[in-house]
**Q** 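Starting off with a structure, shown below.
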Amino acid sequence: MTSELTPQEAARGALRAGLPLGGDRHDAVAATANHIHSVISLLRELDFGDTPPAASYRAGEEDNR
């Protein structure tokens, strides 16, 4: 498990990416990044088993009997 991104780390990362943040945005960006990370972590734990890829799904052709 990784630790949460701090506002200062978010600001440094954004600056390295060429996206300087105003001081008032550090907290919001860190919170958003942490939320995205938690959602992705949860998705990685899901077992999709025999779920076919999305390309094989045809909308409107469901069997709703």
**Q** Can a donor-acceptor pair be found, under 3.5 Å and without considering hydrogens, that links the side chain of N34 to the backbone of L5?
**A**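 Flag set: sc N34 to bb L5 pair under 3.5 Å.
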**Q** Do you know the tightest heavy-atom contact between H26 and A10?
**A** O-CB, 4.3 Å
**Q** Apart from L21 itself, what residues make up its hydrophobic cluster, given side-chain heavy atom links below 4.5 Å?
**A** V29
**Q** Using the test side-chain contact (heavy atoms from CB on, under 4.5 Å), find all partners of I36 that sit at least two apart in sequence or belong to another chain.
**A** T32, I40
**Q** Does E45 have any side-chain contact (heavy atoms from CB on, under 4.5 Å) partners at least two apart in sequence or in another chain, and if so, which?
**A** L42
**Q** If hydrophobic residues (ILVMFWY) are linked whenever their side-chain heavy atoms come closer than 4.5 Å, directly or via other members, who joins L46 in its cluster?
**A** V39, L43, F48
**Q** Which residues pass the side-chain contact (heavy atoms from CB on, under 4.5 Å) test with T6, not counting sequence neighbours?
**A** Q8, E9
